[in-house]
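Taking it in order: structure first as structure tokens, then the write-up.
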Protein chains: 2
Amino acid sequence: METSEEPLTHRQAEILHFIQSHIGQLGYPPTLREIARKMDIRGISAVRKHLDALVRKGRLIRRKGARALDAESLFPSTVPVPVLGRVVAGIPVNAAENRLDTIAIDPSWIPSGPVFLLRVKGDSMKQAAILDGDYVLVRAKETAEEEEIVVAEIDGETTVKRLRRKDGQFILAPENPDYGEIPVAEGSAFRIVGTVCGVFRPALGASR
Amino acid sequence: METSEEPLTHRQAEILHFIQSHIGQLGYPPTLREIARKMDIRGISAVRKHLDALVRKGRLIRRKGARALDAESLFPSTVPVPVLGRVVAGIPVNAAENRLDTIAIDPSWIPSGPVFLLRVKGDSMKQAAILDGDYVLVRAKETAEEEEIVVAEIDGETTVKRLRRKDGQFILAPENPDYGEIPVAEGSAFRIVGTVCGVFRPALGASR
DNA sequence: CGATAAGGTGATCATTTGTTCATCTTCGCG
DNA sequence: CGCGAAGATGAACAAATGATCACCTTATCG
């Protein structure tokens, strides 16, 4: 599902790089004349043609107005992921008002599709190397495979557990002998919120 | 060492927020008139005063030219952290050439001082919830306290272990009964590279 | 009461900025 | 050879943009 990467000429790559580095250093894109200056181009229309080519090749977005160049949003250097709440307490995942915070995460660490972060409370998943206070990266979806670690809502409570089948019915299994399995009874209000696809523990040790 | 946070008025905060969100959505800052439109201000000079106030309070950088606003570089939304190598193999930490990759990490997840990421090989720290393939966030420093999880170099090998004192000498203790302690002998080449202050496991489960 | 700061209106003006058009060179390709 | 693409030059021009000035309102503070 990748965008076809049309190859850039050497000059186009140079100009795109200058635009990106200008944004990175100053916080806003350069004007056509600023590009011309740095590229040792006397005329401004040559720059325009290069920008047109970059737009045509999908590497740049141009809008009306001065400095209206966008080279970042095509290939975001970071993805803002919402922190939706703490597990255990019931979380209305779709309610944007419940958003506690937003954390920037590198795109290479994020799977495709809608994701969010949850703060884990308790150590029921200790054996799976998920500790109290960890952030879990959750891919939001309504289904899951057996043996996957899921975020599920059961009887108004939301927990992180491993989804398992036992004696013909689903159970939510902790990864800690001190905790008991949670059977998914027939009549119970049960819903899979998503699958855990990442674990982040940013504050190991004491001092910050 | 924090910059003194001069408080913003409600209106100034609104305008700063609009500028930031404009940059986030379109990739470049708005013009004075675009700000005026969104804020329901008829004149442009009122906007200018607000920008002057934001600059004075250190929340914005302005330069000459259209859209020359920089609201990002004051408070970076992301910190590039180098991935320096895999543990176990000897890692010349100071050699920038050894940089495998760079990952963007949210500043709220990063302690002060120089940090880098290492990819963990093996499961000798399993009980400490650090698994094979995890990235550990390491604060580079030459000293550590007892009971801290450290990255240390001993006899040319680099490992992640818990620093402990036993029988009057330091040992590098694994968190897995299948592995043995590593005594730090008197004559051995031993060096603390840093302390582990974060664990990241981005690829839990199968599909990416 | 007067001073001051925050917020706003309205208009003028020089500059900057992007657009457009004509013309040129070089290079590879059929 | 002719053709087109990439790259560049130069100039004219309309629109957009920020700077600046004068003046207004509403609070707050001493």
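Chain A is the first sequence line, chain B the second, and so forth, proteins listed ahead of strands; every chain is numbered from 1.
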Output side-chain donor-acceptor pairs under 3.5 Å for residues 21-35 of chain A, partner residues at least two apart or in another chain, one line each.
residue	atom	partner	partner atom	Å
A/His22	ND1	A/Tyr28	O	2.7
A/Thr31	OG1	A/Glu34	N	3.1
A/Glu34	OE1	A/Thr31	N	2.8
A/Glu34	OE1	A/Arg67	NH1	2.8

On the nucleotide D/dG7, are OP1 or OP2 found under 4.0 Å from the side-chain N or O atoms that A/His10 carries? no
How does protein reach along nucleotides 12-30 of chain D, written 5' to 3' as B (base within reach of a heavy atom under 4.0 Å), S (only sugar-phosphate), or - (no contact)? -----BBSBB---------
Checking B/Phe200 against B/Ile105 for the side chain to side chain contact (heavy atoms under 4.5 Å, CB included) test, could you report, in this order, the C-alpha distance in whole Å, the side-chain angles of both residues, the deciding distance, and whether it holds? CA-CA 10 Å; B/Phe200 300 99; B/Ile105 294 193; 4.1 Å; yes
Hey, is CD on A/Glu186 packed in by over 12 heavy atoms from elsewhere, all under 6.0 Å? no
Return the CD to CD1 distance between B/Glu72 and B/Ile61, rounded to the nearest 0.5 Å. 11.0 Å
Quantified as the angle between the terminal helix axes (five pairs each), what is the overall bend of the helix from C/dC1-D/dG30 to C/dG30-D/dC1 to 10 degrees? 30°
What integer distance in Å separates A/Leu8:CG from D/dG7:C1'? 15 Å
Rounded to whole Å, please give me the gap between CD1 in A/Ile15 and P in D/dA8. 7 Å
Can you check whether A/Arg11 has a side-chain N or O nearer than 4.0 Å to OP1 or OP2 of D/dG7? no
I'd like to know if the side chain of A/Arg201 reaches the main chain of B/Ala129, judged simply by a donor and an acceptor atom lying under 3.5 Å from each other, with no hydrogens or angles considered. yes
Tell me, which pairs form a salt bridge (charged side-chain N to carboxylate O under 4.0 Å, His left out) where one or both residues lie in residues 11-20 of chain B, sequence neighbours left out? B/Arg11-B/Glu14
Candidate pair A/Leu60 and A/Val55, rule side chain to side chain contact (heavy atoms under 4.5 Å, CB included), full reasoning: CA-CA 5 Å; A/Leu60 198 66; A/Val55 169; 4.2 Å; yes
Flag the pair A/Glu147 and A/Arg164 as a salt bridge only when some basic side-chain nitrogen lies within less than 4.0 angstrom of an acidic carboxylate oxygen. yes
Which two nucleotides bound the region of DNA chain C that has atoms under 4.0 Å from heavy atoms of chain A, read 5' to 3'? C/dT17 to C/dC21
Contacts table for residues 41-52 of chain A: side-chain donor-acceptor under 3.5 angstrom, sequence neighbours left out:
residue	atom	partner	partner atom	Å
A/Arg48	NH1	A/Asp52	OD1	3.3
A/Arg48	NH1	A/Asp52	OD2	2.8
A/His50	ND1	A/Ala46	O	3.2

